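Fair warning: this is a prediction, and the values are worked out from it, not measured in the lab. As the structure lists them, so they are numbered: ligands from 1, and atoms in each ligand from 1. In this chain, numbering begins with 1 at the start of the sequence shown.
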Amino acid sequence: MVQEKVQEALVQQLNKELYSAYFYLGMVTYFSNLNLEGFAHYFRVQVQEERDHALGFFNYLLKTNNPIQLPAIAQPPQNFESPLHVFELALRHEEKVTQSIYSLMDVAQEFKDHQTQVFLQWYITEQSEEEDNMTRVYNRLKLAGNEGSGIFMLDNELAQRIYTPAVIPGVTLV
Ligand SMILES: [Fe+2]
Ligand SMILES: [Fe+2]
């Protein structure tokens with residue numbers, strides 16, 4: 001049985017994951033308009049991963065058999081100054097999501113909800129990988145600069161990113 005407070009925090013996180021997908025769609029638009037298709041592809045993969053994260057929360061919530069109220073999803077930013085600016089925002093966003101997962105874990109611990117704590121472990125590991133990935137590209141972009149051949153090389157590299165469906169213990173993604 002998931003406590004009401006834990007359930008509310010899980011719904012908030014579901015919303016944040018859906019917002020993340022939307023947030024990254026804004027970035028796909030930006031790079032697509034610049035014809036930087038590798039960067040656009042990188043964020044398309046990111047959108048798919050965020051959708052998986054969201055479905056993980058949704059399916060976990062469904063299993064509890066409690067009614068779920070789905071809140072609205074906020075509008076993401078769509079005006080960016082440069083590719084580096086995009087990665088600055090993306091990295092800051094992931095850092096915020098990590099803090100949000102930690103807070104969610106705090107709520108699960110407060111209510112002694114061990115099952116939710118086990119479920120959240122996957123997300124804690126995932127967030128550390130997301131931050132590492134984003135930091136790596138951000139640092140390479142800083143070296144490459146916002147234009148010139150460096151950015152086209154990075155564009156070719158990011159075009160290689162492969163989407164692997166998330167395998168979240170205890171929940172089946174559909
Ligand atoms: Fe996520
Ligand atoms: Fe993320």
Side-chain angles (χ1 to χ4, degrees), residues 2 6-32 36 38-64 68 70-78 80 83-108 113 115-141 154 157-174:
V2 172
V6 179
Q7 161 126 359
E8 273 171 24
L10 285 165
V11 171
Q12 285 307 318
Q13 192 60 41
L14 159 63
N15 188 272
K16 282 178 190 164
E17 300 294 344
L18 285 174
Y19 173 78
S20 296
Y22 215 27
F23 177 79
Y24 290 124
L25 269 183
M27 295 175 173
V28 172
T29 312
Y30 172 75
F31 284 115
S32 231
L36 287 170
F39 280 90
H41 170 79
Y42 178 89
F43 282 106
R44 275 182 194 279
V45 171
Q46 193 63 31
V47 169
Q48 286 174 295
E49 291 198 355
E50 299 300 350
R51 183 205 53 194
D52 284 354
H53 301 166
L55 280 176
F57 280 106
F58 182 68
N59 290 347
Y60 184 77
L61 280 159
L62 269 190
K63 282 206 308 181
T64 67
I68 309 166
L70 298 172
I73 302 163
Q75 187 179 27
Q78 271 194 269
F80 308 107
L84 189 64
H85 181 224
V86 169
F87 275 88
E88 271 165 11
L89 292 182
L91 187 52
R92 233 177 285 149
H93 177 70
E94 287 303 332
E95 287 166 354
K96 269 201 278 177
V97 173
T98 301
Q99 289 309 315
S100 168
I101 302 269
Y102 288 170
S103 305
L104 181 48
M105 182 63 109
D106 290 343
V107 177
D113 182 339
Q115 214 181 332
T116 300
Q117 288 173 48
V118 170
F119 167 69
L120 289 175
Q121 279 299 336
W122 184 89
Y123 285 90
I124 288 180
T125 310
E126 174 68 9
Q127 272 315 115
S128 133
E129 282 170 21
E130 295 240 307
E131 282 192 37
D132 287 352
N133 280 340
M134 218 56 96
T135 305
R136 198 184 64 85
V137 183
Y138 173 71
N139 287 337
R140 302 222 29 212
L141 197 48
L154 195 50
E157 191 187 311
L158 295 181
Q160 310 303 316
R161 186 177 185 188
I162 294 167
Y163 163 64
T164 314
V167 180
I168 306 170
V171 291
T172 313
L173 298 187
V174 279

Point-to-point distance, once rounded to the nearest 0.5 Å, from CD of Gln121 to CD of Gln117: 8.5 Å
Close aromatic pair by centroid cut-off 6.0 Å: Phe87 and Phe43: yes
Whether over 12 other heavy atoms sit under 6.0 Å from Phe80 CZ: yes
Pair Tyr123 + Phe57: ring centers closer than 6.0 Å: yes
Nearest-0.5 Å distance that lies between atom CG in Asn59 and atom OG1 in Thr172: 7.0 Å
Identified side chain to side chain donor-acceptor pair (under 3.5 Å) counterpart of Gln127 within the set Glu95, Glu94, Gln99: Glu94
Sphere of radius 2.8 Å around the Fe ion (ligand 1) - protein N, O or S atoms inside: Glu17 OE1, Glu50 OE1, His53 ND1
